[in-house]
Amino acid sequence: MALNLYNIRKWYRMLSGKSVMHVNQGLGKTFSATDIKGYYNDLTEKVTMLPELLDNELLPLYVTPSGKKVTFPVDVFQYGLGAYDLFIMTKENRYREKVRQCCQWSTRHQEDSGAWSNFFFKYPENPYGAMAQGEAASLLLRGYKEFGDKSYLMAAKKAIDFMLLPLDSSGTTLYETDGDILLCEYTHLPIVLNGWIFALWGLYDYTFFTDDYKYKDILRRTETALEKRLDMFNSHHWSMYDMSGKMTSPFYHRLHIAQMQAMYQLTGKEVYDHYAQLWTARINNPVWKGMAFARKVWQKINEKEVWA
């Protein structure tokens with residue numbers, strides 16, 4: 001059962017807005033559809049909620065259910081992306097230096113394969129994920145653009161190449177027989193919508209830096225696969241966290257809306273605008289929102305997985 005003191009505290013922090021893991025992540029404020037600039041969703045609160053990490057070399061730590069503090073790679077990547085947006089908006093060097101620190105940490109801790117052991121503390125037998133690989137690439141490519149360090153570009157390529165390895169080759173991508181390509185946040189669990197999009201954005205960013213048609217073709221194929229499957233993440237009153245039908249929390253529902261808005265601006269495809277508007281209407285409907293929240297609470301109490 002997932003109902004325990006750790007998770008009660010976790011859910012309270014999330015619902016009260018005190019969880020740095022679940023800060024507001026609306027549409028990015030400084031991104032461009034024609035260049036590598038700010039990130040596509042707003043990660044700045046990942047930085048502003050932890051002011052004690054600025055002006056030093058500290059990076060965010062994640063507290064596991066056992067109370068152990070670990071460095072969670074996705075936290076570092078998202079912190080760096082948030083710092084990059086803050087640097088663009090303020091021109092303050094303190095944020096630029098945090099971007100550099102996050103990039104340096106990322107290159108030091110990247111495995112020879114190009115991967116980061118993202119879930120080492122929770123799923124040691126399945127530690128890799130496409131979301132981590134994609135967000136790392138997005139951070140490193142912005143670091144390369146800002147600092148001109150070619151090691152960041154090389155690390156981003158390795159990150160994408162590992163991400164695109166098939167699942168049966170220890171990678172994080174599912175290649176369907178019909179040609180569709182699905183990017184897996186977890187390699188042993190159902191496909192997660194937000195993780196797929198974060199991974200896709202890393203590939204999208206990398207296509208700005210390569211003339212290799214292979215990457216652009218894979219990007220096209222995974223976008224097409226996503227568009228075909230968006231209805232699988234839709235219920236009659238809310239959005240779904242993954243393809244197994246797991247209900248989202250209000251945090252992830254708002255994140256889905258922001259991701260749809262960003263994808264619409266990046267691609268111009270109406271399907272993303274459709275779901276952005278549909279899911280916005282639902283979160284503004286108190287009846288639907290209440291139904292979704294009640295179902296999510298029941299799901300949390302009864303499920304074995306407690307991550308999302």
Side-chain angles (χ1 to χ4, degrees), residues 23-48 74 77-100 102-103 106 130-131 133-150 152-153 155-157 159-160 163 183 193-213 215-220 222-224 226-227 254-277 280:
V23 298
N24 175 58
Q25 295 185 28
L27 184 66
K29 298 174 181 176
T30 62
F31 75 86
S32 167
T34 59
D35 196 3
I36 299 297
K37 292 186 177 178
Y39 197 56
Y40 308 107
N41 74 311
D42 183 5
L43 295 168
T44 57
E45 287 188 30
K46 294 276 185 176
V47 181
T48 58
V74 157
F77 307 148
Q78 292 189 348
Y79 185 92
L81 290 164
Y84 189 66
D85 271 18
L86 287 166
F87 170 66
I88 291 174
M89 290 187 286
T90 68
K91 304 303 181 186
E92 291 186 29
N93 192 59
R94 65 198 314 215
Y95 298 122
R96 186 173 186 266
E97 286 306 305
K98 295 310 290 190
V99 175
R100 190 197 304 273
C102 290
C103 288
S106 301
M131 174 176 161
Q133 298 297 125
E135 289 189 330
S138 290
L139 169 66
L140 288 161
L141 291 168
R142 284 161 176 78
Y144 170 65
K145 181 179 179 181
E146 183 63 33
F147 304 110
D149 189 329
K150 289 187 178 180
Y152 298 163
L153 178 60
K157 181 183 187 303
I160 294 299
M163 181 179 82
L183 305 177
L193 177 57
N194 81 87
W196 186 350
I197 295 174
F198 282 129
L200 184 155
W201 284 342
L203 178 59
Y204 177 86
D205 289 341
Y206 186 66
T207 61
F208 279 92
F209 293 86
T210 179
D211 293 325
D212 191 331
Y213 175 76
Y215 298 101
K216 295 177 182 179
D217 181 58
I218 293 174
L219 175 62
R220 177 189 61 80
T222 195
E223 284 182 356
T224 299
L226 174 64
E227 292 153 16
R254 288 190 292 269
L255 176 57
H256 287 169
I257 293 169
Q259 289 183 316
M260 293 297 103
Q261 292 170 334
M263 287 298 293
Y264 178 55
Q265 291 194 29
L266 293 174
T267 69
K269 294 182 179 179
E270 296 293 334
V271 65
Y272 297 113
D273 186 49
H274 167 74
Y275 282 103
Q277 294 191 42
T280 297

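Scope of the values below: all heavy atoms of this structure, side chains included, with no hydrogens, waters or symmetry mates.
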Heavy-atom nearest pair, Gly202 first then Ser138, reads CA-OG, 3.4 Å
For Phe31 and Leu266, work out which heavy atoms get closest and say how close. CE1-CD2, 4.1 Å
Walk me through whether Arg142 and Asp205 qualify under salt bridge (Lys or Arg N to Asp or Glu O under 4.0 Å). CA-CA 9 Å; Arg142 284 161 176 78; Asp205 289 341; 2.8 Å; yes
Where do Phe209 and Ile36 land on the side chain to side chain contact (heavy atoms under 4.5 Å, CB included) test, with the steps shown first? CA-CA 10 Å; Phe209 293 86; Ile36 299 297; 3.6 Å; yes
Gap between atom CG of Leu27 and atom CG of Asn41 - 0.5 Å precision: 8.5 Å
Could you walk me through whether Glu223 and Thr267 pass the side chain to side chain contact (heavy atoms under 4.5 Å, CB included) check? CA-CA 10 Å; Glu223 284 182 356; Thr267 69; 4.2 Å; yes
Might you point out which heavy atoms bring Ala137 and Ile160 nearest each other, and give the distance in Å? CB-CD1, 3.7 Å
Which value, rounded to the nearest 0.5 Å, describes the distance between Cys102 atom SG and Leu139 atom CG? 6.0 Å
Please say whether more than 12 non-hydrogen atoms of neighbouring residues, nucleotides or ligands are located less than 6.0 Å from NZ in Lys37. no
To the nearest 0.5 Å, how far apart are OG1 in Thr207 and CG in Leu219? 5.5 Å
Identify the two heavy atoms, one from Ala155 and one from Leu140, that lie closest to each other, and give their separation to 0.1 Å. CB-CD1, 3.8 Å
Exam field: side chain Thr222 to backbone Ile218, donor-acceptor pair closer than 3.5 Å: no
Output yes when a side-chain donor or acceptor of Asp85 lies under 3.5 Å from a complementary backbone atom of Tyr39, and no otherwise. yes
Trp201/Tyr204 under ring pair (Phe, Tyr, Trp, His ring centres under 6.0 Å): CA gap, chis, key distance, verdict: CA-CA 5 Å; Trp201 284 342; Tyr204 177 86; 8.7 Å; no
Could you give the distance from CD1 (Ile197) to CG (Leu255), rounded to the nearest 0.5 Å? 8.0 Å
Heavy-atom closest pair (Gly26 atom, Ala258 atom, distance to 0.1 Å) is C-CB, 3.6 Å
What distance do Lys269 atom NZ and Met263 atom CE have between them, rounded to the nearest 0.5 Å? 7.5 Å
Just checking, Lys150 and Tyr152: is the charged tip under 6.0 Å from the six-membered ring centre and within 45° of the axis? no
Would you say Gln259's side chain and Asn194's backbone share a donor-acceptor pair under 3.5 angstrom? yes
Start with the C-alpha distance between Glu97 and Arg100, add both sets of side-chain angles, then the distance that settles salt bridge (Lys or Arg N to Asp or Glu O under 4.0 Å), and finish with yes or no. CA-CA 5 Å; Glu97 286 306 305; Arg100 190 197 304 273; 3.3 Å; yes
Just wondering, more than 12 heavy atoms not from Asp211 lying within 6.0 Å of its CG? no
Does a side-chain heavy-atom distance below 4.5 Å link Phe87 with Arg94? no
Which atom of Gly38 lies closest to which atom of Ile88, heavy atoms considered: N-CD1, 3.7 Å
So, the side chain of Gln133 versus the backbone of Ala159: is there a donor-acceptor pair under 3.5 Å, distance only? yes
Are side-chain heavy atoms of Leu86 and Lys98 found at a separation under 4.5 Å? no
Going from OH on Tyr144 to NZ on Lys157, what distance comes out if it is rounded to the nearest 0.5 angstrom? 14.0 Å
Kindly indicate, with the supporting measurements, whether the criterion side chain to side chain contact (heavy atoms under 4.5 Å, CB included) is fulfilled by Lys46 and Leu81. CA-CA 9 Å; Lys46 294 276 185 176; Leu81 290 164; over 6 Å; no
Side-chain heavy atoms of Leu43 within contact of Val23, under 4.5 Å: no
Test Glu146 against Val99 for side chain to side chain contact (heavy atoms under 4.5 Å, CB included), laying out the working first. CA-CA 9 Å; Glu146 183 63 33; Val99 175; 5.8 Å; no
